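A short write-up of the structure that comes next.
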Amino acid sequence: MNDSRQQFNDAVLYILGQIPKGKVVTYGNIAKLAGYPSHSRHVGRVLKNLPKDSTLPWFRVINGQGRISFPEQSERYQLQKGLLESEGIVFISGKINLKQYAWSVG
DNA sequence: CTTATGACCCTGA
DNA sequence: GTCAGGGCCATAA
């Protein structure tokens, strides 16, 4: 494994652990915070690589449109939606209010 | 080496 | 508001 890839992966996981409860972050935002503004896609690759029993709040990661990047019929979608709702996040037409739930440093 | 694919984003219609 | 096109980068074949 190249160090750069590992570093990106580690940065993403770290940021993921910094997301407060009841907040969400977009892929692009995480990538930017990790130091790779244009690697928004690879954030998804990192999450995909996560074990299903991971303790990290991967479900707090959504796309730039405030939607979950899974098809509605997908089990992952239902799981993520349920977890977010359990933290107080409200879904409207399958989307959430990014203006309200978007996390920023500080 | 070239293609194809992906838990994406931005912009314009 | 939603949808489509173009772009970006890493991985697999």
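Chain identifiers are assigned alphabetically (A, B, ...) following the order of the sequence lines, protein sequences preceding nucleic acid strands; residue numbering begins at 1 within each chain. Heavy atoms only: backbone and side chains are in, while hydrogens, waters and symmetry mates are out. All of these numbers come straight from a predicted model, not from anything done at the bench.
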Could you tell me whether A/His39 contacts a base, only the sugar-phosphate backbone, or nothing, with contacts defined as non-hydrogen atoms closer than 4.0 Å?
sugar-phosphate

Has A/Gln18 got a side-chain atom pairing as donor or acceptor with A/Tyr14's backbone, closer than 3.5 angstrom?
yes

How long is the straight-line distance from CD1 of A/Ile68 back to CD of A/Gln78, given to the nearest 0.5 Å?
8.0 Å

Find the distance A/Leu47:CG to B/dC8:P and express it as a whole number of Å.
10 Å

Which value, rounded to the nearest 0.5 Å, describes the distance between A/Leu84 atom CG and A/Lys23 atom NZ?
13.0 Å

Heavy atoms of other groups near A/Phe91 CZ, more than 12 under 6.0 Å
yes

Treating a pair as Watson-Crick (purine N1 to pyrimidine N3 plus N6-O4 or O6-N4) or G-U wobble (N1-O2 and O6-N3) with both distances under 3.5 Å, list the stems of 3 or more consecutive pairs that involve DNA chain C.
B:2-6 with C:9-13, B:8-13 with C:2-7

Check the angle between the aromatic planes of A/His39 and A/Phe8 and answer parallel, tilted or perpendicular using the 30° and 60° thresholds.
tilted

Rounded to whole Å, please give me the gap between CZ in A/Phe70 and C1' in B/dC8.
13 Å

Pairs involving residues 85-97 of chain A, ordered by first then second residue, that meet salt bridge (charged side-chain N to carboxylate O under 4.0 Å, His left out) (sequence neighbours left out)
A/Arg60-A/Glu87, A/Lys81-A/Glu85

Minimum-distance nucleotide (side-chain atoms of A/Arg67 versus B/dA7, C/dC8, C/dC3):
C/dC3

Nearest whole angstrom, please: distance from the C1' of B/dA4 to the CZ of A/Arg41.
11 Å

Restricting to nitrogen or oxygen on both sides, can you table the protein-nucleotides 9-12 of chain B pairs closer than 3.5 Å?
unit_1: B/dC9; atom_1: OP1; unit_2: A/Tyr27; atom_2: N; d: 3.3
unit_1: B/dC9; atom_1: OP1; unit_2: A/Gly28; atom_2: N; d: 3.3
unit_1: B/dC9; atom_1: OP1; unit_2: A/Gly64; atom_2: N; d: 3.1
unit_1: B/dC9; atom_1: OP2; unit_2: A/Gly64; atom_2: N; d: 2.7

Considering only heavy atoms, which members of residues 78-92 of chain A lie under 4.0 Å from some atom of DNA chain B?
none

Spacing between A/Lys48 atom NZ and B/dA7 atom P, to the nearest angstrom:
5 Å

Donor-acceptor contact present, side-chain A/Glu72 to main-chain A/Tyr77, <3.5 Å
no

Integer-rounded Å distance: B/dC8 C1' and A/Leu33 CG:
15 Å

Between C/dT2, B/dG6, B/dA7, which nucleotide gets closest to the side-chain atoms of A/Lys95?
C/dT2

Length of the line joining A/Phe8:CZ and C/dC9:C1', which is rounded to integer Å
10 Å

Report the distance from atom CZ of A/Phe59 to atom CG of A/Leu16, rounding to the nearest 0.5 Å.
8.5 Å

Taken in chain and number order and not counting sequence neighbours, the residues that satisfy salt bridge (Lys or Arg N to Asp or Glu O under 4.0 Å) with A/Lys32 are none

Who passes side chain to side chain contact (heavy atoms under 4.5 Å, CB included) against A/Asp10, sequence neighbours left out?
none

Report yes if the side chains of A/Leu13 and A/Val46 come closer than 4.5 Å at any heavy-atom pair, otherwise no.
yes

